[in-house]
Amino acid sequence: MEYKYQATIALYQLADCSPKDDGTLPCECYHYIFEEENHADNFLPISERKPERVNSAKDQQKCSLIGLSCYLSAEEATKKWNRYNKYPDYAFEKSVGTILCKLCLNKEDGTATKDKEHSTHFNFYEYSSTNLKSKILEKKPITKQNQ
């Protein structure tokens with residue numbers, strides 16, 4: 001199956017960017033979205049929201065920026081959101097949203113590769129036929145911790 005962002009992989013000439021499923025799927029996982037259901041940036045990887053980050057990344061990092069950032073634990077996703085959101089210049093809240101959505105992902109939806117440094121984080125590379133909005137199980141506002 002073809003990946004949804006196959007053109008981006010080709011644009012950056014990432015011949016080695018053919019993610020192999022690491023056994024993470026099927027799973028329930030968490031991803032940040034905006035409150036507005038049809039927000040243009042919901043379910044877009046960094047490569048599509050901020051191409052300048054891909055341009056400045058090292059080759060081995062470019063492939064991971066094409067994947068959608070997901071977490072196996074709501075607690076870890078919330079912790080990471082609060083960690084990044086405490087830096088006003090970073091504008092994390094404005095960049096990724098304030099809602100944590102729970103998704104049900106299967107092997108038919110794409111492939112997943114776990115982050116080697118963070119065992120609860122993985123990049124999800126969706127297939128072109130996948131509709132992630134239809135995979136939402138629940139949504140809830142992220143609880144802000146005192147900064």
Side-chain angles (χ1 to χ4, degrees), residues 1-9 11-12 14 17-57 61-147:
M1 296 193 84
E2 186 172 280
Y3 291 108
K4 189 167 280 186
Y5 304 107
Q6 193 68 45
T8 304
I9 293 170
L11 173 69
Y12 291 104
L14 301 173
C17 188
S18 55
K20 304 288 186 258
D21 186 59
D22 64 6
T24 302
L25 301 178
C27 72
E28 290 182 355
C29 62
Y30 301 86
H31 175 71
Y32 314 121
I33 61 172
F34 292 89
E35 191 170 350
E36 181 189 330
E37 187 174 319
N38 294 316
H39 193 285
D41 288 348
N42 282 349
F43 304 113
L44 285 181
I46 292 171
S47 64
E48 307 307 304
R49 289 185 289 121
K50 297 184 177 193
E52 67 277 5
R53 284 202 42 203
V54 180
N55 291 331
S56 64
Q61 295 171 324
K62 288 181 181 180
C63 187
S64 70
L65 295 174
I66 295 169
L68 192 68
S69 188
C70 296
Y71 296 85
L72 294 171
S73 152
E75 294 78 23
E76 284 300 314
T78 300
K79 235 183 350 187
K80 179 105 173 213
W81 187 91
N82 276 291
R83 187 174 330 133
Y84 284 133
N85 199 50
K86 71 181 175 181
Y87 303 107
D89 293 346
Y90 199 60
F92 197 66
E93 184 175 325
K94 292 181 176 116
S95 176
V96 301
T98 59
I99 303 296
L100 190 61
C101 76
K102 183 178 185 179
L103 300 168
C104 179
L105 298 178
N106 296 298
K107 290 182 182 285
E108 301 81 34
D109 301 322
T111 57
T113 56
K114 277 191 186 166
D115 187 325
K116 290 178 176 68
E117 294 176 24
H118 308 283
S119 62
T120 62
H121 177 267
F122 66 91
N123 289 317
F124 177 69
Y125 301 87
E126 67 186 287
Y127 293 138
S128 56
S129 60
T130 302
N131 175 3
L132 289 175
K133 278 176 62 173
S134 72
K135 300 298 195 169
I136 297 174
L137 298 175
E138 65 182 60
K139 299 184 276 188
K140 65 179 185 174
I142 297 171
T143 305
K144 288 187 182 181
Q145 298 169 348
N146 293 336
Q147 309 283 315

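Hydrogens, waters and symmetry mates are skipped; everything else that's a heavy atom, side chains included, is used.
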Participant: When rounded to the nearest 0.5 angstrom, what is the spacing between CZ in Phe92 and CZ in Arg83?
Facilitator: 10.0 Å

Participant: For Tyr71 together with Tyr32, are the ring centres under 6.0 Å from each other?
Facilitator: yes

Participant: Take Thr130 and Tyr125 through the test side chain to side chain contact (heavy atoms under 4.5 Å, CB included) and record every step on the way to the result.
Facilitator: CA-CA 10 Å; Thr130 302; Tyr125 301 87; over 6 Å; no

Participant: If you compare all heavy atoms of Pro45 against all heavy atoms of Leu65, which two are closest, and at what distance to 0.1 Å?
Facilitator: CB-O, 3.6 Å

Participant: Please report the C-alpha distance between Cys29 and Phe124 in whole Å, then the side-chain angles of each, then the deciding distance to 0.1 Å, and finally whether the side chain to side chain contact (heavy atoms under 4.5 Å, CB included) criterion is met.
Facilitator: CA-CA 10 Å; Cys29 62; Phe124 177 69; over 6 Å; no

Participant: Does the Asp109 side chain pair with the main chain of Pro26, one donor and one acceptor, at a distance under 3.5 Å?
Facilitator: no

Participant: Could you tell me whether Glu35 atom CD has more than 12 heavy atoms of other residues or ligands within 6.0 Å of it?
Facilitator: no

Participant: Heavy atoms only: give me the nearest Phe34-Glu93 pair and the separation to one decimal.
Facilitator: CE2-O, 4.0 Å

Participant: What distance separates Lys94 NZ from Asp41 CG, expressed to the nearest 0.5 Å?
Facilitator: 14.5 Å

Participant: Working to the nearest 0.5 Å, report the span between CG of Leu44 and NZ of Lys4.
Facilitator: 9.0 Å

Participant: For atom NZ of Lys107, decide whether the heavy atoms of other residues, nucleotides or ligands shown that lie under 6.0 angstrom number more than 12.
Facilitator: yes

Participant: Drop me the distance from Ser64's OG to Ile46's CD1, to the nearest 0.5 angstrom.
Facilitator: 7.5 Å

Participant: Do Asn123 and Leu68 touch side chain to side chain, with heavy atoms closer than 4.5 Å?
Facilitator: no

Participant: Ignoring hydrogens and geometry beyond distance, is a side-chain donor-acceptor pair present between Glu48 and Thr8 at under 3.5 Å?
Facilitator: yes

Participant: Rounded to the nearest 0.5 Å, what separation is found between the CG atom of Leu132 and the CG atom of Leu103?
Facilitator: 6.5 Å

Participant: Mind checking whether Leu25 and Glu108 have side chains closer than 4.5 Å, heavy atoms only?
Facilitator: no

Participant: Check whether any side-chain heavy atom of Arg49 lies under 4.5 Å from a side-chain heavy atom of Ser95, and answer yes or no.
Facilitator: yes

Participant: Compare all side-chain heavy atoms of Leu11 with those of Val54 and state whether any distance is below 4.5 angstrom.
Facilitator: no

Participant: Testing the basics here: between Cys27 and Phe122, what is the closest heavy-atom pair and its distance to 0.1 Å?
Facilitator: SG-CZ, 4.0 Å

Participant: Do you know the tightest heavy-atom contact between Leu14 and Cys63?
Facilitator: CD1-N, 4.0 Å

Participant: What closest approach, in Å, do Ile99 and Pro141 show between heavy atoms, and which atom pair accounts for it?
Facilitator: CD1-CA, 3.8 Å

Participant: Quick one: does any side-chain atom of Asn42 pair with a main-chain N or O of Ile33 as donor and acceptor, under 3.5 Å?
Facilitator: no

Participant: Dump the intermediate steps for side chain to side chain contact (heavy atoms under 4.5 Å, CB included) on Glu76 and His121, then the final yes or no.
Facilitator: CA-CA 8 Å; Glu76 284 300 314; His121 177 267; over 6 Å; no

Participant: Classify the ring geometry between His31 and Phe43 as parallel (under 30°), tilted (30 to 60°) or perpendicular (over 60°).
Facilitator: parallel

Participant: Verify, without hydrogens or angle tests, whether Trp81 (side chain) and Thr143 (backbone) share a donor-acceptor contact under 3.5 angstrom.
Facilitator: no

Participant: Is the side chain of Lys114 donor-acceptor paired with the backbone N or O of Thr24 at a distance under 3.5 Å, no angle test?
Facilitator: no

Participant: Determine whether Tyr30 and Thr78 satisfy the following criterion, side chain to side chain contact (heavy atoms under 4.5 Å, CB included), listing intermediate values before the conclusion.
Facilitator: CA-CA 9 Å; Tyr30 301 86; Thr78 300; over 6 Å; no

Participant: Rounded to the nearest 0.5 Å, how far apart are CD of Glu126 and OG1 of Thr111?
Facilitator: 10.5 Å

